[in-house]
Amino acid sequence: MTDSTNAQTDARQRLYTALAGIPAGYVITYGQLAALAGFSRRARWAGQVLKQLPQDSRLPWHRVINAQGKISLPGDAGEKQRALLESEGVTVSDSLRIDLSLFSWQKADTE
DNA sequence: CGTTTGACTTTCG
DNA sequence: ACGAAAGCCAAAC
């Protein structure tokens, strides 16, 4: 395969690694996740990658929400994500909203 | 190469 | 607090 293909795979891999670093009971926004992977202002791209994420991947994709502290997944998928977060101890409001001041993950702390 | 699209973000009313 | 509009960026057409 070509170098360009490698670059694309590497970019996704970095995002996966960053996502894997999010502990249960915490959430992170698309923008923060992208920045954590080394790509600032790539929030949309991060969302696109998660959408294409295979089901067999064991990554905590449900810990990723938007900057408004709300689940971006439409329909039943959003309800499913809420259930997963609740099961990890994250409090989710009826409007799929989460208190970022309590559950937002900061890598530069607690370690 | 120009246009459209989107699991985003921020600002304004 | 909520919705609309604009801004931003990469991938798909």
Side-chain angles (χ1 to χ4, degrees):
Chain A
M1 49 183 163
T2 66
D3 293 340
S4 60
T5 304
N6 287 335
Q8 148 184 295
T9 302
D10 177 58
R12 283 199 305 265
Q13 187 57 55
R14 285 199 209 177
L15 199 74
Y16 297 156
T17 303
L19 179 57
I22 308 302
Y26 284 91
V27 296
I28 188 172
T29 68
Y30 294 94
Q32 285 177 335
L33 178 62
L36 194 62
F39 306 100
S40 71
R41 295 179 182 170
R42 303 304 190 259
R44 269 183 145 145
W45 169 79
Q48 185 179 340
V49 172
L50 293 183
K51 182 173 63 175
Q52 297 171 5
L53 194 64
Q55 294 182 344
D56 58 359
S57 71
R58 311 230 174 125
L59 294 172
W61 59 269
H62 52 271
R63 294 181 196 151
V64 184
I65 60 179
N66 63 29
Q68 299 180 352
K70 294 170 80 174
I71 293 173
S72 291
L73 263 68
D76 297 336
E79 297 297 310
K80 179 181 179 182
Q81 183 172 4
R82 177 178 60 176
L84 287 168
L85 290 173
E86 293 267 0
S87 69
E88 292 186 343
V90 177
T91 302
V92 183
S93 173
D94 295 340
S95 299
L96 301 181
R97 188 161 42 190
I98 300 165
D99 190 337
L100 289 176
S101 65
L102 296 177
F103 299 107
S104 179
W105 173 244
Q106 276 77 240
K107 185 180 183 182
D109 190 26
T110 73
E111 67 171 318

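The structure displayed is predicted, hence computed values, not measured ones. Order of the sequence lines fixes the chain letters, A, B, ..., with proteins taken first and strands second; residue numbering starts at 1 for each chain.
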*Asks:* Looking at A:Ala34 and A:Ala43, what are the two nearest heavy atoms and their distance?
*Replies:* CB-N, 4.2 Å
*Asks:* Taking only residues two or more places apart in sequence, or in another chain, which ones meet A:Phe103 in a ring-ring contact (aromatic ring centres under 6.0 Å, His included)?
*Replies:* none
*Asks:* Quick one: side chain to side chain donor-acceptor pair (under 3.5 Å) pairs with a partner in residues 79-97 of chain A, sequence neighbours left out?
*Replies:* A:His62-A:Glu88, A:Arg63-A:Glu88, A:Glu79-A:Arg82
*Asks:* Going by heavy atoms closer than 4.0 Å, what residues in residues 76-101 of chain A are next to DNA chain B?
*Replies:* none
*Asks:* In Å and rounded to the nearest 0.5 Å, what is the CG to CH2 distance from A:Leu33 to A:Trp45?
*Replies:* 8.5 Å
*Asks:* Check every nucleotide of DNA chain C for an atom under 4.0 Å from a heavy-atom of chain A, then give the first and the last such nucleotide from 5' to 3'.
*Replies:* C:dA1 to C:dA11
*Asks:* Which of residues 28-42 of chain A have a heavy atom under 4.0 Å from DNA chain B?
*Replies:* A:Thr29, A:Tyr30, A:Gly31
*Asks:* Could you list the residues that satisfy side-chain hydrogen bond (donor to acceptor under 3.5 Å, both in side chains) with A:Arg44, not counting sequence neighbours?
*Replies:* none
*Asks:* Just to be sure I understand the geometry, which residues of residues 48-62 of chain A put a non-hydrogen atom under 4.0 Å away from DNA chain B?
*Replies:* A:Leu50, A:Lys51, A:Trp61
*Asks:* Kindly state each residue pair satisfying salt bridge (charged side-chain N to carboxylate O under 4.0 Å, His left out) with at least one member in residues 24-39 of chain A, sequence neighbours excluded.
*Replies:* none
*Asks:* Quick one: does A:Val64's side chain get under 4.5 Å of A:Tyr30's, heavy atoms only?
*Replies:* yes
*Asks:* If you look only at distance, which donor and acceptor atoms sit under 3.5 Å apart when one is on a side chain in residues 65-78 of chain A and the other is two or more places apart or in another chain?
*Replies:*
| from | atom 1 | to | atom 2 | distance (Å) |
| --- | --- | --- | --- | --- |
| A:Asn66 | OD1 | A:Gln68 | N | 3.0 |
| A:Asn66 | OD1 | A:Gly69 | N | 3.3 |
| A:Asn66 | OD1 | A:Lys70 | N | 2.9 |
| A:Asn66 | ND2 | A:Lys70 | O | 3.2 |
| A:Asn66 | ND2 | A:Ser72 | OG | 3.0 |

*Asks:* Of all residues at least two apart in sequence or in a different chain, which pass the side-chain contact (heavy atoms from CB on, under 4.5 Å) check with A:Ala37?
*Replies:* A:Arg14, A:Leu15, A:Ala18, A:Phe39
*Asks:* Using the side-chain contact (heavy atoms from CB on, under 4.5 Å) definition, which of the options A:Asp99, A:Leu84, A:Ile98 pairs with A:Val92?
*Replies:* A:Ile98
*Asks:* Between which nucleotides of DNA chain B, read 5' to 3', does contact with chain A run, using atoms under 4.0 Å from its heavy atoms?
*Replies:* B:dG6 to B:dT10
*Asks:* Under the side-chain contact (heavy atoms from CB on, under 4.5 Å) rule, collect the residues that match up with A:Leu53, sequence neighbours excluded.
*Replies:* A:Tyr16, A:Leu50, A:Ser57, A:Leu59, A:Trp61
